[in-house]
Protein chains: 2
Amino acid sequence: MYKENNLSKNQQIIFDLINKSSEPLKAYTILFNVQKKGIKAPPQVYRALDKLVETGKIHKIESKNAFVACRNSGCEISKATAFSICESCEMVDEINDAKLTKYLTSFSDKKGTKYKRFNLEFFGLCKKCK
Amino acid sequence: MYKENNLSKNQQIIFDLINKSSEPLKAYTILFNVQKKGIKAPPQVYRALDKLVETGKIHKIESKNAFVACRNSGCEISKATAFSICESCEMVDEINDAKLTKYLTSFSDKKGTKYKRFNLEFFGLCKKCK
DNA sequence: ACATATATGTAATAATATAACATTTATAAG
DNA sequence: CTTATAAATGTTATATTATTACATATATGT
Ligand SMILES: [Zn+2]
Ligand SMILES: [Zn+2]
Ligand SMILES: [Zn+2]
Ligand SMILES: [Zn+2]
C-alpha cells in the first residue's frame, strides 16, 4: 500500500524543529523545545534522532554533538556526508559537491580497501566571519 | 634554553598509555588506567587530552569519543586528519595519503571558500573483518 | 628575586546518551 | 474482523562524557 508520510509523530515533530533551524541543534535543546508538544524524556528524542539519521533526513555533526537537516536531496542514505563548520559563529553548511563525493567514495587506502561510508568535516571561517 | 621533552608529567603518562594501545581509548578508560599513577580526577585527564590534541600528539575520533596516538609524523599540527574505522571490530587506522591530503587541503567550496582544517572518517570493514 | 604562564589537585556539577520495561499504535496476513 | 508481528511511544532510572570553579604548585623568562 502507498504510504503518504513515512515519519511517525515524534519523528515529524523533531524533524520539523531541526529543519527550520538555521543552526545545528543539540539533543537537550530539542528536548526543551518539544516539551510543549508532549515529548518529555530523552529516550523519545534520541530514538527519533536515531531514526532520522538512519534514514538520512538529518545528519549528526560529530564534532558538535548536534544535528542538522539534510539539505541534499541526493543523500537519503547518509553514507557520504561533508560539512563546512565555522569556528567563529558555529554555522554549519552541508557540502554538496559531486566531484568531492566521487573522489572520496572511490578512495581506496594503501591496502586497497574501499569504504562504504564517510563523514568529512571542514573547519574555517564562514563568509560573514572572515 | 633547549627543552628536551615538551610533555608534562600527566601529559606523558596519558600519552604513553594511548600510544601503546592498539585501539582508541576513551577518557574514563584512561582515567581508570592511570589512577595507579596518581591521576585521580576527570579534569586531569581532559586537560592532558586537550593539550595532546592541540599539539597533534593524539587525535580524537569524533564518532567514538575516543583518542588515538598520531601515527603520522607529518601532522603535528593536527589540521588534516583522516581515519579508517572498522564497523565490526572498532579498529581505527590513521590514513596517511599525501594525495588525499593535498586534495582536501586545497578543496574550495562553491563560494570559493577554503578551509584551514579538516577531519575525515571512513567507515567500513577492516581486512580481518571482511 | 620576581612576574607570569603553565600545570596540577580536588570537589562538585553539567551535558550527553542509554538501559530496561510497560504500553500503544501501525502494518500485514489469514 | 482477528490475530500476529513489528514499530513507535511513555516513563523511570542510570550510565557516560565533559566542564566549572577554585586552590595550589611548578616551570619559565627577566
Ligand atoms: Zn545530506
Ligand atoms: Zn561564521
Ligand atoms: Zn596524525
Ligand atoms: Zn575489523
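Residue numbering restarts at 1 for every chain, and letters A, B, ... go by the order of the sequence lines.
Rounded to a whole Å, the CG atom of A:Asn6 is 21 Å from the P atom of D:dA6. The nearest whole Å value for the distance from the CG atom in B:Leu7 to the P atom in D:dT26 is 19 Å. As rounded to whole Å, 14 Å separates atom P of C:dA26 from atom CD of A:Gln12. One interatomic measurement links the two molecules: OH of A:Tyr46 to P of C:dA19, which rounds to 13 Å at whole-angstrom precision. Per the geometry, CD belonging to A:Gln11 stands 16 Å off P belonging to C:dT25, to the nearest Å. Separating the CG atom of A:Leu52 from the C1' atom of D:dA7 is a distance of 14 Å, rounded to the nearest angstrom. Whole-Å rounding puts the A:Asn65 CG to D:dT19 C1' distance at 14 Å. Atom CG in B:Asp50 sits roughly 16 Å away from atom P in D:dT17 (whole-Å rounding).
Phosphate contact (OP1/OP2 of D:dA7, side-chain N/O of A:Asn10, threshold under 4.0 Å): absent. Between A:Lys60 and C:dA17 there is a side-chain N or O to OP1 or OP2 distance below 4.0 Å.
Exactly one of A:Leu120, A:Ile95, A:Ile61 qualifies for a side chain to side chain contact (heavy atoms under 4.5 Å, CB included) with A:Phe83. That residue is A:Ile61.
Side-chain proximity of A:Gln44 to C:dT10, D:dT9, D:dG10: nearest is D:dG10. Nearest nucleotide to the side chain of A:Lys9, out of D:dA18, D:dT9, C:dT8: D:dT9. The A:Ser8 side chain lies nearest to D:dT9 when the options are C:dT8, C:dT16, D:dT9. When the nucleotides D:dT9, C:dT8, C:dT16 are ranked by their closest atom to the side chain of A:Arg47, D:dT9 comes out on top.
Remark: A:Lys111 engages B:Asp93 in a salt bridge, criterion side-chain N to carboxylate O under 4.0 Å. In summary, B:Arg117 and A:Glu87 engage in a salt bridge, as defined by a charged side-chain N under 4.0 Å from a carboxylate O.
Relative ring orientation between B:Phe118 and A:Phe122 is described as perpendicular, the plane-to-plane angle rising above 60° on a 0-90° scale split at 30° and 60°.
A search for side chain to side chain contact (heavy atoms under 4.5 Å, CB included) contacts involving A:Lys130 returns A:Leu125, B:Thr113, not counting sequence neighbours.
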Self-check item: Criterion side-chain contact (heavy atoms from CB on, under 4.5 Å) on A:Leu100 and B:Phe107, from CA distance to verdict
Solution: CA-CA 8 Å; A:Leu100 176 65; B:Phe107 174 83; 3.9 Å; yes
Review point. Would B:Val53 and B:Phe67 satisfy side-chain contact (heavy atoms from CB on, under 4.5 Å), going step by step from the backbone distance to the final call?
Key: CA-CA 9 Å; B:Val53 166; B:Phe67 299 85; 4.0 Å; yes
query = So A:Asp97 and B:Asp109, side-chain contact (heavy atoms from CB on, under 4.5 Å) or not? Walk me through it.
reply = CA-CA 8 Å; A:Asp97 184 304; B:Asp109 66 22; over 6 Å; no
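A heavy atom lying under 4.0 Å from DNA chain C marks the following residues of residues 16-43 of chain B, by number: B:Lys40, B:Ala41, B:Pro43.
When heavy atoms are screened at a 4.0 angstrom cut-off, A:Lys64 is found touching no nucleic acid atom at all.
Side-chain contact between B:Asn65 and B:Lys60 is present, with heavy atoms from C-beta onward closer than 4.5 Å. Taking the side chain as every heavy atom from C-beta outward, A:Asn10 and A:Arg47 never approach each other to under 4.5 Å.
Within the helix from C:dA1-D:dT30 to C:dG30-D:dC1, the inter-axis angle between the opening and closing five-pair segments is 50°, rounded to 10°.
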